[in-house]
Protein chains: 2
Amino acid sequence: MADKDALSMQDDAMRDDALAGRRASSGTHIGFPMGSGAGVTLTDVARAAGVGESTASRVLRSHGSFSSKTRASVLEAAARLGYVPNRIAGTLASTGSKLVGIIVPSLANIVFPDLLRGANSVLGKAGFQSVIGVTDYDLVGEEALISSLLSWRPAGLLVAGLEHTPRADAMLRGAGIRIIEMLDTDGAGIDMVVGFSNRDAGRAAARHLIARGYRRIGYVGHDLALDLRAAKRFEGFRAALAEAGLQVAGQMIAPVPSSIAAGREALDRILHETPDLDAVYFSNDDMAIGGYFLCLSRGIGIPDRLALFGHNGLEVARCAPQPLSTIRTPRVEVGEASARLISSDGPPSIVTLDFELIEGATT
Amino acid sequence: MADKDALSMQDDAMRDDALAGRRASSGTHIGFPMGSGAGVTLTDVARAAGVGESTASRVLRSHGSFSSKTRASVLEAAARLGYVPNRIAGTLASTGSKLVGIIVPSLANIVFPDLLRGANSVLGKAGFQSVIGVTDYDLVGEEALISSLLSWRPAGLLVAGLEHTPRADAMLRGAGIRIIEMLDTDGAGIDMVVGFSNRDAGRAAARHLIARGYRRIGYVGHDLALDLRAAKRFEGFRAALAEAGLQVAGQMIAPVPSSIAAGREALDRILHETPDLDAVYFSNDDMAIGGYFLCLSRGIGIPDRLALFGHNGLEVARCAPQPLSTIRTPRVEVGEASARLISSDGPPSIVTLDFELIEGATT
DNA sequence: CTGAAAGCGCTAACAT
DNA sequence: ATGTTAGCGCTTTCAG
């Protein structure tokens, strides 16, 4: 690979002017074309600056003491040679790495990019790099990812959800680093837990619908075997209905990941099966927006003929002509708070961030 | 850090049963609690299996030759000790790493998670880990990220866009690794380029509107100084209008990132300033959906009174009661194709993936 | 304030 | 088929 790259890079170098001042090379590294700063090592910089390696290292990390004179010459040499530190070597030599692993089930649902966004912004400011892994909602895949990420010796690991395979659980416990489980507080955590109770969110949704006077309430969801948090919401939802002497008047579960199209189709089907529903609780806003679009298309009056309730508080739900009644979840905040915990000491703990019920125009 | 972690992990170990079989420790590594597999090294495994380090290494990577007998004992020892390979050390010792850097401007717009998703799925299958960086549409931030990612000695770098600061450009050229610039083919690339022409997409949108008979065409966009690709679309759009002897009949540019709310508000304002528009081209689907929602709220007839055209082909746009006329961009495919190029040899080249104009119900 | 030297854990020749 | 031996590039004592 290196040689091939060198080849293609040489082409690039030909049409390049910006490199003029950086042609120096250590000469001890084959496989890199002239003009590449990638082969320059700390030793090269130290030599060029006429100082020892350790001094150069101290200067470059502004750690320890050195004269401003040496400082200048080291910095100059580094700049002139186009030195790029090798954090792989640095990490191996020192104790801890500046890598943080983040594992999410999916990137197709904006919820997880939001989570990543929050985490990454805080991590970046603290000098960490995020290494991501996507499980596709597969716990076995998660196990493989955990082991793979752990092999990079990250400073910590952020994982969505509390459920893991036994082996994954053991690896996380034995890793010797901070583990943050996110977005769910309904269950036991391994180390730190940051999120909210999905069960409570489902409960809140049910209570809201009941308070509004709805009694023939249906549920439209997506694959619950995969999305465990959606399953917990549904569970809380049914529990609250039961407390009010009610039960789900009909349900339709699309055996696919959540999507607008799936929500639209599932609502269509449940309305065929159970035409007299007066309200529907959706597994999330994507599904709910699909339902909303169906109602718009069919001229089904909202909320008089049918009420809709979602989950997440996505922008599209809040900006719709009739803002969707839903629950805003603190996704970005969970990411941020989780990232902050990476560098914390202290015992395992649970951080609960509140969700907020949004009374839209669809209930 | 390590000590604090060790401390908190000890708490965990206490409430842990799954680790029972993995309590062995090398004993040579302080800072890790008993029961942690994180301190076990290849040396430990080799010793426990009664073989040399290199033999253990060969077995664990199934590379080279060894008897099935040694294989078994090494694997057994590794499993028993809870060995987790240290890829940091492995990377330093071998030539190339299995990390790939991916730099995107944002995670707030689903376009980039889509890109990441495509790239990550291909990279994962090839044994690579994605290290991500988010620039927040800031070229200087991108420069910092590039240098930071390069310090992890990635096998390659995927970057969104062709525009970089001079220093960033120089670093990319000198990196000696495969550089893939994504989502834009309107300009010169550094190494590999994978994407489509945003200028052509803008052109196609204009031609479509003209062919449909619209003549008073406005533009509603978001911060173009930041979103260079949206700017190129607008440029192509105006060029095509000009070729037809037309020009933009009004424009409204929200000085913020694109969003549904921004699109809604911007359309509202442009309709005040220029009430006689018969069509509007939006900088992307998020903005366009905002416009669509405004029309729905206001009872503005679509497409008779006003036609709407977006860009990206998001699900929400395609599933709306009136599917939005837009251009579907191959975001996931760009990510996939880009990831495949990481391991390719061959000279710098450009891969163009086609976009597709979707004739919805809003034009 | 600075330099020399000893590794970090692993891979990759090179022997055997 | 397996063991021995150098490093990879950097950080970190430990002397001076």
Side-chain angles (χ1 to χ4, degrees), chain A residues 1-2 26 28-32 37-74 78 81 83-99 150-153 176, chain B residues 1-2 26 28-32 37-74 77-78 81 83-98 150-153 176:
Chain A
M1 246 302 285
S26 73
T28 61
H29 302 274
I30 58 174
F32 283 109
V40 180
T41 72
L42 183 63
T43 313
D44 298 326
V45 174
R47 187 156 33 215
V51 302
E53 277 187 69
S54 48
T55 304
S57 174
R58 288 185 203 106
V59 171
L60 259 9
R61 286 175 304 133
S62 19
H63 182 284
S65 50
F66 38 77
S67 71
S68 62
K69 193 171 176 308
T70 31
R71 194 189 110 92
S73 62
V74 168
L81 301 181
Y83 173 66
V84 179
N86 185 333
R87 270 182 172 293
I88 295 284
T91 301
L92 183 60
S94 64
T95 36
S97 96
K98 277 300 201 175
L99 253 21
L150 247 26
S151 74
W152 292 102
R153 291 292 183 274
Chain B
M1 248 301 286
S26 72
T28 62
H29 302 275
I30 59 174
F32 282 110
V40 180
T41 71
L42 184 61
T43 313
D44 298 325
V45 174
R47 187 157 32 216
V51 300
E53 276 188 70
S54 50
T55 304
S57 174
R58 286 185 204 107
V59 170
L60 259 10
R61 287 175 302 135
S62 18
H63 181 283
S65 50
F66 38 78
S67 72
S68 61
K69 193 172 176 310
T70 31
R71 194 189 111 94
S73 63
V74 169
L81 300 182
Y83 173 67
V84 178
N86 184 333
R87 269 182 172 292
I88 295 283
T91 301
L92 184 60
S94 63
T95 37
S97 97
K98 277 300 199 175
L150 247 26
S151 75
W152 291 103
R153 291 292 185 275

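Quick note on labels: first sequence line is chain A, next is B, and so on, each numbered from 1.
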Practice task
Please report how far the helix from C:dC1-D:dG16 to C:dT16-D:dA1 bends, comparing the axis fitted to its first five pairs with the axis fitted to its last five, to the nearest 10 degrees.
Solution key: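 One end's axis against the other's: 30°.
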How close or far is atom [atom2] of [N] from atom [atom1] of [X], stated in whole angstroms?
| X | N | atom1 | atom2 | answer |
| --- | --- | --- | --- | --- |
| B:I88 | C:dC8 | CD1 | C1' | 11 Å |
| A:R47 | C:dA4 | CZ | P | 12 Å |
| A:D44 | D:dC8 | CG | P | 11 Å |
| A:R153 | C:dG9 | CZ | P | 8 Å |
| A:L60 | D:dT12 | CG | P | 14 Å |
| B:L92 | D:dC10 | CG | P | 9 Å |
| B:K98 | D:dC8 | NZ | P | 23 Å |

Handout entry: Partners passing side-chain contact (heavy atoms from CB on, under 4.5 Å) against B:S67 (at least two apart in sequence or in another chain)
Key =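 Here the qualifying residues are B:K69, B:T70.
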Practice task
Kindly say if B:T70 contacts the phosphate of D:dT2, meaning a side-chain N or O under 4.0 Å from OP1 or OP2.
Solution key: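 The answer is yes; a side-chain N or O of B:T70 sits under 4.0 Å from OP1 or OP2.
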Problem - Test item: A:S151 side-chain N/O and B:R87 main-chain N/O as donor-acceptor pair under 3.5 Å - result: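 Absent.
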Handout entry: A:S97 (side chain) donor-acceptor with A:R153 (main chain) under 3.5 angstrom
Key =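 A pair under 3.5 Å: yes.
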Exercise for the section: Grab the two heavy atoms, one from A:I88 and one from A:W152, that are nearest each other, plus how far apart they are. Expected result: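 A:I88 and A:W152 have their closest heavy atoms at CD1-CZ3, 4.5 Å.
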Exercise for the section: Locate the shortest heavy-atom distance separating A:V40 from A:Y83; write the atom from each residue and the value. Expected result: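 So the two residues come closest at O-CD1, 3.4 Å.
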Handout entry: B/S/- contact track for nucleotides 11-16 of chain C, protein heavy atom under 4.0 Å
Key = BBB---
Handout entry: Value rounded to 0.5 Å, distance of CG in A:L92 from OG1 in B:T91
Key =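 One gets 10.0 Å once the value is rounded to the nearest 0.5 Å.
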Enumerate donor-acceptor pairs with a distance under 3.5 Å from any side-chain N or O in residues 48-60 of chain B to protein atoms, sequence neighbours excluded.
residue: B:S57; atom: OG; partner: B:R61; partner atom: NE; Å: 3.3
residue: B:S57; atom: OG; partner: B:R61; partner atom: NH2; Å: 3.1

Exercise for the section: Please figure out whether B:A56 or A:N86 has its closest DNA chain D nucleotide nearer the 5' end. Expected result: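 This one resolves to B:A56.
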Problem - Close side-chain approach of B:V74 and B:V45, heavy atoms under 4.5 Å - result: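 Counting from C-beta outward, B:V74 and B:V45 do come under 4.5 Å.
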Practice task
Scan A:S67 against the nucleic acid and name what it touches under 4.0 Å (heavy atoms): base, sugar-phosphate only, or nothing.
Solution key: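 Contact class for A:S67: sugar-phosphate only.
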